[in-house]
Number of protein chains: 2
Amino acid sequence: MAAPETMFVLEGRPTAQLIADQLRELIVQGAFSPGQQVNESALASQLSTSRGPLREALQRLCQEGILVSKRNRGVFVAELSEDDIREIYAVREAVELAAATTLLDSGQDKISDTCRVLKGIIKNMAKQVAASDWQALARLDMEFHTAFVSGTGNTRLIRIYQTLAAETRMCILSLEVAYPRIDALVQEHQLILDHLEAADRQGLQKAIKRHMKKAVEDLTSTPEVTEITA
Amino acid sequence: MAAPETMFVLEGRPTAQLIADQLRELIVQGAFSPGQQVNESALASQLSTSRGPLREALQRLCQEGILVSKRNRGVFVAELSEDDIREIYAVREAVELAAATTLLDSGQDKISDTCRVLKGIIKNMAKQVAASDWQALARLDMEFHTAFVSGTGNTRLIRIYQTLAAETRMCILSLEVAYPRIDALVQEHQLILDHLEAADRQGLQKAIKRHMKKAVEDLTSTPEVTEITA
DNA sequence: GCATCGCCTATTGTTGACAATCTACAGTTA
DNA sequence: TAACTGTAGATTGTCAACAATAGGCGATGC
């Protein structure tokens with residue numbers, strides 16, 4: 001037996017966390033419309049559990065900002081405004097800038113490892129652009145940035161960023177905007193990767209700032225939403 | 001009746017959040033020793049509630065990193081290592097640097113307002129230094145930084161920082177280090193305030209980085225812990 | 001004397017039922 | 001007709017009992 005303590009630990013993580021993960025995925029995929037109330041009993045039976053564990057999971061998601069809880073009213077799917085977007089992207093920028101600094105300070109090995117991962121993601125991105133699979137692109141976009149931050153190894157930074165990633169996906173849902181700038185998407189990420197690989201501190205910072213700024217502009221301009229019913 | 005909807009809303013916030021706040025305060029004040037298991041039944045009756053709401057609150061604190069949950073074992077007070085300190089302070093630096101940038105970009109009014117608050121806190125700090133009240137100093141220290149970040153008005157940044165503040169206090173508990181550098185404490189905060197007031201972007205950034213670096217050094221040096229059994 | 005096996009207790013995980021609260025709708029009155 | 005009030009329904013908040021799991025401890029066999 002190679003690793004006795006890691007075989008068949010059948011869900012070693014706490015139940016509430018498992019439920020929270022399932023529910024978060026459901027929400028960011030748009031299974032609930034923004035502002036909609038979450039019925040505890042219904043959800044509990046839907047997820048094959050009871051109200052107790054479910055409520056514990058809901059608390060987690062409330063703290064993440066994906067849900068909002070009103071006393072004696074229940075929990076509701078968060079409705080994110082354009083102000084929320086600006087907030088989220090400001091924090092994302094802060095986290096990524098810190099990640100960039102940390103990465104560049106932590107040796108060539110970590111940088112190379114991270115670059116390798118990022119390259120793979122960009123490669124997949126190009127494929128999905130060709131296939132016009134927006135859903136996959138949105139996922140890869142988040143994967144890229146999450147991988148970038150994960151490169152630091154700072155568990156707290158990573159956890160924060162995962163929450164921000166979920167909120168970002170909520171934004172796109174709430175505002176019902178199409179995934180923007182498909183063409184520039186690969187380019188911008190490639191630029192970030194290039195600067196990281198070249199260990200160009202200033203260039204990397206600028207690329208990140210520019211990327212965030214553009215994203216906010218795209219998401220907040222809302223130029224006549226033409227209701228592209230999927 | 002001036003404001004009907006705001007009179008006697010007797011705890012408008014959800015119960016789990018209230019319990020979580022109480023419990024967090026207990027923990028960061030050292031009511032539990034690091035690594036200690038948290039008995040649900042005992043705590044529930046101690047806080048005059050039931051296990052249900054308490055468990056919901058525990059989930060929140062687990063996500064904050066103040067507690068750690070092990071399946072079928074229970075929740076334990078987090079034990080923070082020196083690596084954790086480095087992580088926490090790296091994130092704190094990132095958040096404060098972002099707050100600095102945001103503040104300096106958001107007009108003189110916000111800067112002035114924030115400076116006014118910070119000045120008051122520093123004034124109190126000086127008093128507590130004279131009174132040698134370390135507990136109050138630790139609280140004011142956190143208050144200063146929280147106020148600094150609050151100046152941005154970015155609710156997500158603020159929430160993240162509050163969690164980091166709690167974890168920082170946990171660090172001091174876990175490592176059983178005395179509150180360091182009493183004399184330099186007021187000076188360093190004053191320096192940050194001065195740079196903010198002068199809108200000196202680079203100086204402010206440097207002061208923040210320096211402050212964080214020194215704090216980590218103080219907390220991680222651990223020069224022969226002489227086992228001061230309380 | 002030491003290791004192993006099995007029980008036992010304490011604690012967590014889960015569930016269902018009960019109480020409290022809010023929203024919505026219908027009935028009533030000016 | 002409009003506004004107000006009372007009731008009904010549904011949903012959340014809370015609680016106590018039940019089930020399941022893990023760790024400790026003693027007995028037993030080698």
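The shown structure was predicted, so the numbers you read here are calculated from the model rather than taken from an experiment. Computation of the quantities below employed the complete heavy-atom set of this structure, encompassing side-chain atoms and omitting hydrogens, waters and symmetry-equivalent molecules. In what follows, chains carry the letters A, B, and so on, assigned in the order in which the sequence lines appear, proteins first and then strands, with residues in each chain numbered from 1.
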- Message: Students should find this one: the first and last nucleotides of DNA chain C, 5' to 3', lying under 4.0 Å from a heavy atom of chain A. What are they?
- Response: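 Footprint of chain A along DNA chain C, 5' to 3': C:dG13 to C:dT23.
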- Message: Using C1' atoms of five pairs at each end, report the bend of the helix from C:dG1-D:dC30 to C:dA30-D:dT1 rounded to 10 degrees.
- Response: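 It works out to 0° between the end axes.
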Qualifying residues under side-chain hydrogen bond (donor to acceptor under 3.5 Å, both in side chains), relative to [X], sequence neighbours excluded:
X: B:Lys110; answer: none
X: B:Asp105; answer: B:Arg201
X: B:Gln135; answer: none

Listed pairs, N/O of protein and of nucleotides 12-14 of chain D, under 3.5 Å:
unit_1: D:dT12; atom_1: OP1; unit_2: A:Val38; atom_2: O; d: 3.0
unit_1: D:dG13; atom_1: OP1; unit_2: A:Asn72; atom_2: N; d: 3.4
unit_1: D:dG13; atom_1: OP2; unit_2: A:Arg55; atom_2: NH1; d: 2.5
unit_1: D:dG13; atom_1: OP2; unit_2: A:Arg55; atom_2: NH2; d: 3.3
unit_1: D:dG13; atom_1: N7; unit_2: A:Arg51; atom_2: NH2; d: 2.8
unit_1: D:dG13; atom_1: O6; unit_2: A:Arg51; atom_2: NH1; d: 3.1
unit_1: D:dT14; atom_1: OP1; unit_2: B:Thr15; atom_2: OG1; d: 2.8
unit_1: D:dT14; atom_1: OP2; unit_2: B:Thr15; atom_2: OG1; d: 3.3

- Task: Kindly write out the residues that satisfy ring-ring contact (aromatic ring centres under 6.0 Å, His included) with A:Phe144, not counting sequence neighbours, or none if the list is empty.
- Result: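 With neighbours one apart ignored, the set is A:His189.
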- Message: Which residues pass the ring-ring contact (aromatic ring centres under 6.0 Å, His included) test with A:Phe32, not counting sequence neighbours?
- Response: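 So A:Phe32 forms no ring-ring contact (aromatic ring centres under 6.0 Å, His included) with any residue.
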- Scan for salt bridge (Lys or Arg N to Asp or Glu O under 4.0 Å) pairs involving residues 141-151 of chain B, sequence neighbours excluded, and state none if there are none.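 Listed once each, the pairs are B:Arg139-B:Glu143.
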- Task: Any salt bridge (Lys or Arg N to Asp or Glu O under 4.0 Å) involving residues 41-54 of chain B? Give me the pairs, sequence neighbours left out, ordered by first then second residue.
- Result: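 Only B:Glu40-B:Arg51 qualify under salt bridge (Lys or Arg N to Asp or Glu O under 4.0 Å).
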- State plainly whether the residues B:Arg156 and A:Glu167 are in salt-bridge range, i.e. N to O under 4.0 Å.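 Looking at A:Glu167 together with B:Arg156, the answer is yes, because their closest N to O distance falls below 4.0 Å.
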- Please identify each residue that fulfils salt bridge (Lys or Arg N to Asp or Glu O under 4.0 Å) with B:Lys127, with sequence neighbours left out.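 B:Lys127 satisfies salt bridge (Lys or Arg N to Asp or Glu O under 4.0 Å) with no other residue.
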- Mind checking what makes side chain to side chain contact (heavy atoms under 4.5 Å, CB included) contact with B:Glu79, not counting sequence neighbours?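 Side chain to side chain contact (heavy atoms under 4.5 Å, CB included) check on B:Glu79 returns B:Pro34.
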